[in-house]
Amino acid sequence: MKFALVLCLAILLDEILGDPKSFSHPVIYIGRLINFLKSRLFTNTHSFIRGLVVCGLTLSTTGLFAYSILYFTDCNLLVQVYMLYSALAWKDLRDETGPILSSLIHNDLTSARKFLSYVVGRDTETLNAQEITSATIETIAENSIDGVMSVMFFAFVGYIIGREYGMCVCVWIFKAASTLDSMIGYESYHEFGKASAKLDDALNFLPARIGGVIIILASGNFSRAFKVFLNDRFKHKSPNSAHGESAFAGGLNVRLGGGAFYGGKFESRPFINENAKVPEVDDIVRAWDLLNKSCALFAMVMILLAWKV
């Protein structure tokens with residue numbers, strides 16, 4: 001089946017090469033487009049409407065460009081594989097958190113804080129080893145959904161809608177929405193980024209919930225993980241983020257969450273799996289293992305569903 005072939009080859013390529021860092025990565029061009037539109041439309045007047053225009057233009061341009069590439073290459077298999085592979089961030093999650101783990105093992109908190117600052121939005125300058133470890137696992141948990149499982153989910157949805165064309169176009173419309181959220185969806189942009197933030201929340205709604213259940217199943221600690229998931233999956237200002245975090249916290253039996261400083265301002269947040277042990281450095285390796293098992297199981301579920309439908 002074509003969906004299974006493309007997805008498996010994309011995962012294999014991601015495992016071998018990791019996230020492409022060169023000029024060829026499509027996210028670079030989406031980011032440039034967003035910056036171009038933002039520089040011309042971002043004002044405090046009618047900012048929501050202007051932000052909505054930026055969102056619409058970015059999504060439509062990305063979708064049209066993805067479709068054009070497929071059309072002019074006659075939907076070549078290698079092109080499909082590259083388009084899906086470059087959207088996945090599976091190995092990249094391990095690659096980006098690996099230096100943090102290495103620094104913690106060598107008790108180099110300065111380097112650990114620096115590497116952590118590359119992957120989280122919170123202030124890292126004063127974090128201790130336990131806080132760095134917790135933030136690293138939270139990053140793995142949250143991005144296992146929007147960086148990997150959501151991509152697979154929209155590949156499946158697109159394949160059902162429009163087979164090979166739909167698979168790649170839907171994936172890159174999702175990636176454009178995710179990039180919009182990361183660039184203008186945060187609070188500094190207020191009304192201008194509101195449409196992008198809400199769209200990202202809506203697109204990740206189903207993958208977060210399906211992914212949470214998949215993580216529970218992959219953890220091997222079904223009863224405990226499911227209990228934590230039910231109790232703590234809404235303990236985050238995002239409607240989706242705590243689904244992955246709570247499933248990871250229950251599956252690993254560690255405490256995650258809690259307050260943190262963002263831009264010098266402390267934000268109070270509840271703990272997830274509050275009565276469990278605080279995470280230790282070795283738990284980052286366990287989080288990688290759960291990431292691999294969860295994403296592999298999610299891929300198998302998507303392949304099975306595509307085959308059945």
Side-chain angles (χ1 to χ4, degrees), residues 38 42 44 47-48 51 93 96-97 99-101 103-104 107-147 178-201 204-205 208 212 228-281 283-284 287:
K38 182 178 68 175
F42 178 48
N44 292 323
S47 57
F48 175 77
L93 263 177
E96 290 189 343
T97 53
I100 303 171
L101 174 62
S103 298
L104 288 171
N107 294 314
D108 184 358
L109 293 186
T110 301
S111 294
R113 291 171 185 139
K114 181 186 72 173
F115 290 125
L116 180 64
S117 70
Y118 299 156
V119 296
V120 300
R122 72 188 69 185
D123 300 340
T124 64
E125 294 85 357
T126 61
L127 297 183
N128 60 34
Q130 183 273 311
E131 291 168 332
I132 295 170
T133 301
S134 180
T136 302
I137 296 173
E138 290 166 29
T139 296
I140 294 169
E142 182 176 349
N143 286 287
S144 68
I145 303 291
D146 54 21
S178 181
T179 307
L180 278 162
D181 179 58
S182 66
M183 292 182 66
I184 64 172
Y186 51 93
E187 293 180 358
S188 298
Y189 284 94
H190 300 293
E191 291 297 308
F192 184 74
K194 191 173 184 178
S196 297
K198 293 298 182 183
L199 175 63
D200 186 72
D201 287 343
N204 280 298
F205 186 87
V228 175
F229 178 73
L230 285 180
N231 291 336
D232 296 348
R233 69 192 188 279
F234 293 117
K235 288 185 176 180
H236 199 285
K237 64 179 181 180
S238 163
N240 302 317
S241 294
H243 284 71
E245 289 183 24
S246 60
F248 262 77
L252 299 173
N253 196 25
V254 296
R255 187 186 75 184
L256 299 177
F261 283 91
Y262 292 83
K265 182 180 179 181
F266 184 77
E267 290 189 12
S268 179
R269 294 182 181 179
F271 285 109
I272 295 174
N273 199 18
E274 184 171 8
N275 297 322
K277 73 179 183 74
V278 297
E280 301 173 353
V281 174
D283 290 318
I284 296 176

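Computed over heavy atoms, backbone and side chain alike; hydrogens, waters and symmetry mates excluded.
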Novice: Would you say the side chain of Val278 lies within less than 4.5 Å of the side chain of Val254, judging by non-hydrogen atoms?
Specialist: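 Result no, sub-4.5 Å side-chain heavy-atom pair not found.
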Novice: Nearest 0.5 angstrom please: Arg113 CZ to Asp123 CG, how far?
Specialist: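 Reported to 0.5 Å precision, the distance equals 12.5 Å.
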Novice: Return yes if some donor-acceptor pair links the side-chain N/O of Ser117 with the main-chain N/O of Lys114 below 3.5 Å, else return no.
Specialist: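 Yes.
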Novice: To check you understand the geometry: which heavy-atom pair defines the closest contact between Ala197 and Gly185, and what is its length?
Specialist: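 In this case the closest contact between Ala197 and Gly185 is CB-O, 3.5 Å.
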Novice: Given the rule in the side chain to side chain contact (heavy atoms under 4.5 Å, CB included) test, do Glu245 and Arg233 qualify, once you have shown the distances and angles that lead to the verdict?
Specialist: CA-CA 8 Å; Glu245 289 183 24; Arg233 69 192 188 279; over 6 Å; no
Novice: Could you tell me the separation between the CZ atom of Arg255 and the CD1 atom of Ile137, rounded to the nearest 0.5 Å?
Specialist: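 Rounded to the nearest 0.5 Å, the CZ-CD1 separation comes to 12.0 Å.
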Novice: Evaluate the side-chain proximity of Ile284 to Leu104: yes if any heavy-atom separation is below 4.5 Å, no if none is.
Specialist: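 In short, these two side chains touch, coming nearer than 4.5 Å.
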Novice: Are the side chain of Ser134 and the backbone of Gln130 linked by a donor-acceptor contact shorter than 3.5 Å?
Specialist: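 It does not hold such a pair.
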Novice: Under a 3.5 Å distance rule, please check whether Asp283 uses its side chain to pair with a backbone N or O of Glu280 as donor and acceptor.
Specialist: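 The answer is yes, because a donor-acceptor pair under 3.5 Å joins these two groups.
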Novice: Which value, rounded to the nearest 0.5 Å, describes the distance between Lys38 atom NZ and Leu180 atom CG?
Specialist: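 If I round to the nearest 0.5 Å, the distance is 10.5 Å.
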Novice: May I have the step-by-step check of salt bridge (charged side-chain N to carboxylate O under 4.0 Å, His left out) for Glu267 and Lys265, ending in yes or no?
Specialist: CA-CA 6 Å; Glu267 290 189 12; Lys265 182 180 179 181; over 6 Å; no
Novice: Please name the residue in the list Thr136, Val120, Thr133 that meets the side chain to side chain contact (heavy atoms under 4.5 Å, CB included) test with Ile100.
Specialist: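 In the set Thr136, Val120, Thr133, the residue that makes a side chain to side chain contact (heavy atoms under 4.5 Å, CB included) with Ile100 is Thr136.
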Novice: Give the minimum heavy-atom separation between Ala141 and Gly244, together with the two atoms involved.
Specialist: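 Looking at all heavy atoms of both residues, the shortest contact is CB-O, 3.8 Å.
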Novice: Rounded to the nearest 0.5 Å, how far apart are CD of Glu125 and CG of Leu116?
Specialist: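 Answer rounded to 0.5 Å: 10.0 Å.
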Novice: Do Asp146 and Asp181 have side-chain heavy atoms sitting under 4.5 Å apart?
Specialist: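 No, side chains not in contact.
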Novice: If I compare all heavy atoms of Phe248 with all of Ser144, which pair ends up nearest, and what's the gap?
Specialist: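 Distance-wise, the nearest heavy atoms are CE1-OG, 3.7 Å.
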Novice: Would you say NZ of Lys277 has more than 12 non-hydrogen atoms from neighbouring residues, nucleotides or ligands within 6.0 angstrom?
Specialist: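 More than 12 heavy atoms, drawn from other residues, nucleotides or ligands, come within 6.0 Å of this atom.
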Novice: Roughly how far, to the nearest 0.5 Å, is NZ of Lys235 from CG of Asn273?
Specialist: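 Here the rounded value is 9.0 Å.
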Novice: Taking the six-membered ring for Trp, are the ring centroids of Phe234 and His243 within less than 6.0 Å of each other?
Specialist: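 They qualify: ring centres under 6.0 Å apart.
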Novice: Hey, what do you get for CD1 (Ile184) to CZ (Phe42), rounding to the nearest 0.5 Å?
Specialist: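 Answer rounded to 0.5 Å: 9.0 Å.
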Novice: Check Ala247 against Gly212 and note the closest heavy-atom contact, atom names and distance.
Specialist: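 Nearest pair, atom of Ala247 first, then Gly212: CB-O, 3.6 Å.
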Novice: Please check if the number of heavy atoms outside Phe205 that lie under 6.0 Å from its CZ is greater than 12.
Specialist: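 No, CZ of Phe205 has 12 or fewer neighbouring heavy atoms, counting only those of other groups under 6.0 Å.
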Novice: Is a side-chain donor or acceptor of Glu96 paired with a backbone partner of Leu93 at a separation under 3.5 angstrom?
Specialist: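 Checked: no pair found.
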Novice: Side-chain contact, heavy-atom cut-off 4.5 Å: Asn204 with Asp200?
Specialist: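 Sidechains of Asp200 and Asn204: in contact.
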Novice: Would you say Asn240's side chain and Ala208's backbone share a donor-acceptor pair under 3.5 angstrom?
Specialist: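 Side chain of Asn240 to backbone of Ala208, a donor-acceptor pair under 3.5 Å: no, none is there.
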Novice: Run the salt-bridge test on Glu138 and Arg122 with the 4.0 Å N-O cut-off and return the result as yes or no.
Specialist: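 A salt bridge is present here (some side-chain N lies under 4.0 Å from a carboxylate O).
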Novice: Between the main-chain N or O of Thr139 and the side-chain N or O of Asn143, is there a donor-acceptor pair closer than 3.5 Å?
Specialist: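 Answer holds: yes.
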Novice: Specify the closest pair of heavy atoms between Val228 and Ser246, including all atoms of both residues, with the distance to one decimal.
Specialist: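 Minimum heavy-atom separation between Val228 and Ser246: CG1-O, 3.4 Å.
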